[in-house]
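Following: one structure in structure tokens, then a few remarks.
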Protein chains: 2
Amino acid sequence: MHSLDLAPSDLRILIAVHRERSFSAAAISLGLTQSAVSHAIRSAERKVGVVLFDRGRGGALPTAAGESVVTHARRVLRLLETMGREAQTVASGQASGVLRLATFRSAAVYLLPSVLERFSIKHPQVDIEVAIVRDVDRGLAGEVADGKADLALATVAPTTEIPASLISAELFAEPYWLIHPPKLSDLRLLPLITWDENCSEETKKWLAAQEWEPPKTIPAADDSVVLSMVAHGLGFAVMPRLSVANCDSRIAVQRLDGQTPTRHVGYVTTPEMAPTLAVREFIRVLRDCLTVPASATL
Amino acid sequence: MHSLDLAPSDLRILIAVHRERSFSAAAISLGLTQSAVSHAIRSAERKVGVVLFDRGRGGALPTAAGESVVTHARRVLRLLETMGREAQTVASGQASGVLRLATFRSAAVYLLPSVLERFSIKHPQVDIEVAIVRDVDRGLAGEVADGKADLALATVAPTTEIPASLISAELFAEPYWLIHPPKLSDLRLLPLITWDENCSEETKKWLAAQEWEPPKTIPAADDSVVLSMVAHGLGFAVMPRLSVANCDSRIAVQRLDGQTPTRHVGYVTTPEMAPTLAVREFIRVLRDCLTVPASATL
DNA sequence: CTTGTTCCATGAATCCTGCTCATGGATGGC
DNA sequence: GCCATCCATGAGCAGGATTCATGGAACAAG
């Protein structure tokens with residue numbers, strides 16, 4: 001088991017060079033000399049037996065192998081970090097430290113408050129940092145995969161593919177609803193208001209299935225803007241229930257005909273974090289809150 | 001991100017002490033002095049901020065925190081190892097190194113040969129070590145969880161629970177069959193032959209559902225022994241199809257009545273190994289071979 | 001072409017960390 | 001009480017990591 005003797009400091013240097021695309025910039029960002037970085041990279045390359053960065057005039061570009069190594073390096077550092085946190089958790093018998101949570105707007109607004117309240121009563125030592133992230137592209141799962149968050153509350157199916165190297169499970173499924181201004185002659189004459197998020201794909205699918213082609217499509221920044229635009233009579237939209245939660249009286253809500261699409265919301269985390277007490281407890285509280293959701297007041 | 005500056009050598013020392021339950025024995029096993037180990041453990045404990053081993057007369061016993069740290073440490077080392085392997089793989093464009101595969105007997109005998117042949121043609125640089133492990137207790141998944149294997153072919157449901165910190169997926173499901181000597185008066189008078197493996201639970205369940213109480217139960221060492229005993233007329237058995245593959249003519253095979261139990265066979269691997277080229281390719285070849293299985297000659 | 005700038009590489013000097021050596025204290029068997 | 005067997009600790013040493021002081025290469029501007 002000759003497990004590649006790269007110390008955490010070496011890994012940090014690799015990551016810094018990767019980030020800065022430059023030995024000297026990496027050196028500054030770490031408070032080292034350019035020489036130290038150069039030596040460290042060279043010794044790392046000798047140990048791995050592969051060139052990790054192409055040095056050129058413009059700085060240092062990671063090779064394919066370099067990319068791979070840096071990805072692993074980040075993971076090693078995260079694992080070391082959770083190792084420390086977990087040790088303290090186990091020793092003190094209670095979770096402590098920081099839990100970085102990423103989620104989409106509507107969950108943060110309508111779902112999280114009660115969850116956070118219950119969680120912080122049970123685990124006052126845990127600081128929760130909530131990041132609201134739009135679920136586009138790799139979206140929330142990407143946030144976790146990149147190590148920017150420990151846990152995400154996200155759409156887990158069917159639009160979004162969760163990479164196999166992450167752990168996820170569904171928490172609940174919710175229907176999409178049709179929302180529109182209350183007084184209307186023919187809904188089909190109204191423009192469709194969309195927003196750029198993974199789950200908005202469902203909107204299009206359902207409309208297509210209904211052979212409903214809106215006269216116009218208006219893009220909005222996020223789901224709360226969509227709501228506001230609908231409230232002002234600018235058009236209609238198809239949105240997941242959570243986004244429609246406690247919206248104002250100028251909006252009429254109506255079930256979808258036919259094959260009602262549903263959005264599946266769940267959590268996503270890394271294999272490193274999953275066995276962690278803080279994460280397990282947070283998921284437990286989430287589940288508890290969802291059986292009797294405070295947001296069931298729709 | 002103060003990620004706990006424990007170098008690989010420190011981690012190895014922690015693991016050795018955990019294994020040997022003694023500073024001095026660990027020192028010997030690592031070719032160090034007892035003093036070095038003592039210093040290292042003390043400094044590790046200062047860094048983590050927690051006592052990791054209770055020192056007493058009889059040596060050093062890991063505390064709960066120590067257990068947790070060592071588990072993580074093993075994982076860090078494995079991750080560093082795959083980091084190196086992957087770097088070489090990416091740089092050379094082809095998988096190389098060792099792939100440690102654990103599986104149960106019948107898969108190794110009837111499934112693997114064709115898979116291994118195809119895989120080694122595609123990836124001649126990869127050495128595959130096959131370990132045949134009986135699937136009892138934590139069984140094959142445990143083999144992977146403990147880092148003794150990179151990939152396991154195992155029963156993934158419903159008997160065995162795969163821990164959430166591992167990655168697994170089903171490859172195929174197969175029915176259980178009833179096997180017995182060909183000429184018989186009443187099957188219910190024959191003894192049941194069982195063997196000690198997780199999937200043999202299914203046998204009992206099905207018999208119970210049929211209200212079939214065999215007059216006697218004979219335990220055998222493994223499934224091949226069961227087959228041989230049935231062939232010699234010593235009793236009957238309920239076995240998954242794969243175990244029954246190409247068994248001899250002195251055995252009669254028959255479908256089960258009622259709710260036919262099925263065994264779900266899949267792969268199990270770690271999140272570290274899953275994105276690895278060697279593992280991904282092996283699973284691909286597995287899947288390919290299963291759509292047109294060479295063992296479809298039953 | 002020259003000069004200057006901005007990269008990284010390299011060798012020698014220095015500093016610090018990790019190891020060994022040589023002890024000492026604690027615990028328990030005989 | 002003596003001895004064996006643990007681990008702890010401090011001093012000293014050696015080697016690896018970092019810095020310092022250079023040098024070479026690529027490129028842009030004059």
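It should be emphasised that the depicted structure is a prediction, and the values quoted were computed from it without experimental measurement. Numbers restart at 1 for each chain; the letters A, B, ... are given by sequence-line order, proteins then strands.
- The pair E45(A)-R55(A) counts as a salt bridge, with a side-chain nitrogen and a carboxylate oxygen less than 4.0 angstrom apart.
- Contact check on E81(B) versus R78(B) returns no salt bridge, with no Lys/Arg side-chain nitrogen under 4.0 Å from an Asp/Glu carboxylate oxygen.
- The pair K122(A)-D288(A) fails the salt-bridge criterion, with no side-chain N (NZ, NE, NH1 or NH2) lying under 4.0 Å from an Asp/Glu carboxylate O.
- Protein atom CZ of R46(B) is 11 Å distant from nucleotide atom P of dT17(C), rounded to whole Å.
- Following rounding to the nearest Å, R21(A) (CZ) and dT6(C) (C1') show an atom-to-atom distance of 19 Å.
- Residue K148(B) qualifies as open at atom NZ: its count of foreign heavy atoms under 6.0 Å is 12 or below.
- Across the protein-nucleic acid pair, I41(B) atom CD1 and dC6(D) atom P stand 16 Å apart, rounded to whole Å.
- dC16(C) atom P lies 16 Å from atom CG of D5(B), rounded to whole Å.
- A salt bridge does not link R134(A) to D222(A): none of the charged side-chain nitrogens sits closer than 4.0 Å to a carboxylate oxygen.
- For the pair L153(B) and L140(B), the tightest heavy-atom approach, listed with the atom from each and the gap, is O-CD1, 3.4 Å.
- Protein atom CD of E20(B) is 12 Å distant from nucleotide atom P of dC6(D), rounded to whole Å.
- Whole-Å rounding puts the L61(A) CG to dC8(C) P distance at 11 Å.
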A correct 5'-to-3' footprint of nucleotides 12-29 of chain D, with B, S and - meaning base, sugar-phosphate only and no protein heavy atom under 4.0 Å, is ------SBB-----BS--
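- The distance between atom CD1 of I28(B) and atom P of dT20(C), rounded to the nearest whole Å, is 12 Å.
- Around CZ of R21(B), the count of heavy atoms belonging to other residues, nucleotides or ligands within 6.0 Å exceeds 12.
- Between the CD atom of E45(B) and the C1' atom of dA8(D) there is a distance of 12 Å, given to the nearest Å.
- At dT9(D), one or more side-chain N or O atoms of R42(B) fall inside 4.0 Å of OP1 or OP2 (strictly under the cut-off).
- Contact annotation for S24(B): backbone-only contact, meaning every heavy-atom pair under 4.0 Å involves sugar-phosphate atoms and none involves a base.
- Of the side-chain N and O atoms in S38(A), none sit less than 4.0 angstrom from OP1 or OP2 of dC8(C).
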